[in-house]
Structures are given as C-alpha cells and as structure tokens.
Student: 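Below is the structure I would like to discuss, written out as structure tokens.
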Amino acid sequence: MPRHALAPVLFLLGSLALTGACSTGSSPADSAPSPDNPSRTRGNDTGTQVDLTKLKGVSIVSDSSTDRSCPWATSYPDVPGADTMTAAMKKDVGERLEVFLGEDTDSQATGCGGMDGLEGPELNVSFSFLVASSDVLGVRLTTLDRTSNADGVGTEAYWYDGAAKRYRPSPGLIADGSRDAFVAAVKKRLEKREGVTPETVTALDDPDAYLDDMAFTADGDLKVDFDRGTVGVPPAGRISVTLPEATVTPWLSDFGTRAQRQTTAPDDKLDLGAAHTPAPTVAAQPDPGEDPTDCSKVKCIALTFDDGPAAPETGTLLKYLAQYKARATFFVVGQNVATHPDIVRAEVQSGHEIANHSWNHPVLTNLTPTQIRSQLERTNAAIKDATGKEPTLFRPPYGAMDDRVKAATSLSPALWDVDTLDWKSHDPAKVAQTVISQAEPNDVVLVHDIHPTSVAAIPEVLRTLTARGYHFVTVSHLRATL
Ligand code: NI
C-alpha cells in the first residue's frame, strides 16, 4: 500500500466494519482442502492453490500484542533462499507497525495513541502464498489498519525470482519496454469504472507505488488490485482490473512469464537454491495417555502458548516440556497451522492440548458474525487436517469477546489469569519471574511460543514451580478435575 494511504482520516472510520469484510474474512474456497493433498494445499485471494509441502524450511515471523487498547498482530513468511524478499516484507511490516503505534515521526498519523475515545484501533498483517513453484515464489500481505484512511485494507504482492536471486516488486512482472503500454491498458480499463475520475487515474503515473499488488489467476490472466482510494474515489472501494492472458502475455518480463507459467501449471517442487536443513523431530512424551493428575488434590498450573506454531521455537519448547513431563495448551493460529501441520502433530503426540486462536489473529469483536465463524471454523479445519481432531477450546485474540463472538461458535472460551507480557519485555528472566511470582494454584498462564525469549524462560518456570509442588496440566484437564 502506498505510504500516504496510512494518513489518518478519522471520519471514514464509520465505514470500517463493513469494508473489513474483504480483508479478514475468507471465501469458502479458501478453506476447501484439495482432493489430492488435503492438508497442505491452500487457496489464496487470487483463487489459485498453493501446495505448502514444497515450502521446505519455511518459518512464519509472527508478532503481536495483548494490549486491548492498541491491538496489533503481524505475520509474514520467511522462506529459505528468498532473504531479500523477506527483508522487504520485514521493512514494510515494521513501517506499518511504527505508523500504527504513532512512532513514525515522518507520518502525520497519530496512531493508537491518537485514537483515545474512538472505538476499535487495530493493525493486522496476514499472508497468503500466491505461487511456490520451481524458482518462483509469490506472497501477498494483507494489512488491516483501522486507524488509517481509505478502508484500512491494503494488499501487496511480493515476488521472488530464484533464477536471478532477486526480490521483484509487482511491476517486475512486466518487461521494462512494455511498461507504458501496460499502464495505458490498465488506465483504459479503469476509466470505465464507477468512481474513477481522470484525476484519480493520474496516480498510475507512479506505477512503482500503485501497482503493488499484481498476480496471475489460474487461467494466466493478470489481476491488478488497488487499495481503496488509490485510483478511484474512496466510496468506490477496492478496485481490481484483470487483463486477459492473451493481452498481457506479450508484455511480461522473463520473470513475469515464469511467474505466469508457475501459477497456471505449477511444478512439483520449489527450488530457490537454499540448502534445506530438516527440522529435528520432537520426541513424544513417554506417556501421552490420560493424565492422572487430580487438580482438586494437588497444585496445578495450566501453561498456555499462543500465536504459534513457530519454527524452531515450538520444537525447542516441546523438548523443555518433555523434560519435566509437563503438559500445556497451545492456542494456535490457523495460518501457521496450515504452514506447520507437522509441529501441531508433534504437540499432540507430546501429550499437549491444541486449541483455536483464530485464523490470523483479528479482534473478533470488530468482525461480522460470518467473519467470526470463518476465522474459527477455518482454523478448526486446519487443526483437524493436521491432527485428525477438532479442538474444544478457543481463545479470542486480545481476549476480545462479546455475545456475538460467543454465539458464533460452540467452542468454549478460555482466557487467562496471568499475562506474562512477554511480547513486550522479550526478556527470559522477566518472563520467568512474572510466572513464578504471580502464578497461584489452578491459574492459567499466557505465554507466546513465537518468541525465542519466551521459550527460553520456560526451563526456569518448570524447575522452580515443580520444586514448589506444582503440576503442569492442560486447560481442559484443569477444568475437568476441579
Ligand atoms: Ni494472541
């Protein structure tokens, strides 16, 4: 999204509840598993399918707050070999967070702090894979910033060219010599649209800023997506232009031609030239059967780990937990489950409980009932794909819940008693000390296994609280035996 689209225009906020529909919801097709690869093939916003098993060694970079007055959650994939593209996403996500938090001095945005008295500031950055095939990787980031103008929704497509070992912003799909013809064709199609005026189309004179979301459809057509207010008047909403395959093909760059081919006829592997080190396997707990701990007779603690699974942090955590025969509950985010089903399986095999923490960590109370259901059902389906079992608990991101959220699901809500604020301190000693000093019998403790510093705090927690006679159980076990 172009930087200036983030300037605050608060009077537009009233429209956000409606327009959030295209960002955080998902079409039924998104969650429909493909028949030939039920667990690892995922649809994206362009309607094409990507086989995630080809993404060897991928890790999801996630971060979030638990601050309900300024909720934010960001995630983007780090695919080995595509380091320059990862760096571009990291930079963009970092800038969006700075603007949201009001820490960007160049921006006029006051961020969360300037939202006092107004409902619902929120930043959410989520990802989907567009292509992961041969030497082509395409990722779309979707940003929802409820403090920004436009509709707060911005999308951007990032491309990586494994043959040239280069990150390619979307305009790189078009050959340099054909750029003018391509832009003219896009303009021509835009001019027929309602809400588009000659003045608004002049934005395209700066294609690098505005042509930031281009991707191919399954038929090889090129779809160009514009954030609200960038090429039309804001009430016209998000606008997209699709150039037919026959029209656009002669204008494609060498990379664009390969990206088109890998979208329409994907190869059976992705090779970006990076060596892949397989993740170490996680040992199952000696006794993953029924936990005999009776929390009405002994002191229990339910450690809960949110926002994962994450590689390699979750695997390290599982080893620590196994050393103390401790059980825990993992509140997983659906988009990470789809990327790392093997880790979720390892969690189950190690005797832990899996629970639902939404698909991409939005404030559920800002969504429509349909969107809330989609967030939870899509994640349930991903968990079932990975483990064969649906969860029974959910934790609303930020603990934000109302009657509509409760009515949208049969899952039982599970909040927490102790918040380690680990996302803020990133300090293992502080995280361990918070748990040790604050936790009381039968408390539920909130930690995030996406942060190495949080995982590093766990051995000290397990050692100290075990010595004090505590037993580490799952949330469902705690509830069942109290
Ligand atoms: Ni969370």
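Whatever order the structure lists them in is the order used to number ligands and atoms, beginning at 1. Only heavy atoms go into these numbers, but all of them, side chains included; no hydrogens, no water, no symmetry mates.
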Student: State, with a plain yes or no, whether a side-chain heavy atom of P77 is found less than 4.5 Å away from one of V61.
Tutor: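 The answer is no, as the side chains (C-beta and beyond) never meet within the 4.5 Å cut-off.
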Student: Does a donor on one side chain and an acceptor on the other come within less than 3.5 Å for S64 and W423?
Tutor: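 On atom types as modelled, these side chains do not qualify, holding no pair under 3.5 Å.
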Student: Applying side-chain hydrogen bond (donor to acceptor under 3.5 Å, both in side chains) to T155 and D213, what does each step give before you reach the verdict?
Tutor: CA-CA 6 Å; T155 60; D213 186 351; 2.6 Å; yes
Student: Would you indicate whether the side-chain heavy atoms of F472 and T466 approach each other to under 4.5 Å?
Tutor: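 T466 vs F472: side chains touch.
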Student: For a 4.5 angstrom cut-off between non-hydrogen side-chain atoms, does F127 reach T142?
Tutor: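 They are not in side-chain contact.
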Student: Would you check if N366 and R146 make a side-chain contact, meaning some heavy-atom pair closer than 4.5 Å?
Tutor: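 Answer yes - side chains close enough.
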Student: Give me the protein N, O or S atoms that fall under 2.8 Å of the Ni ion (ligand 1), sorted by chain and residue number.
Tutor: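 Sorted hits: D307 OD1, H357 NE2, H361 NE2.
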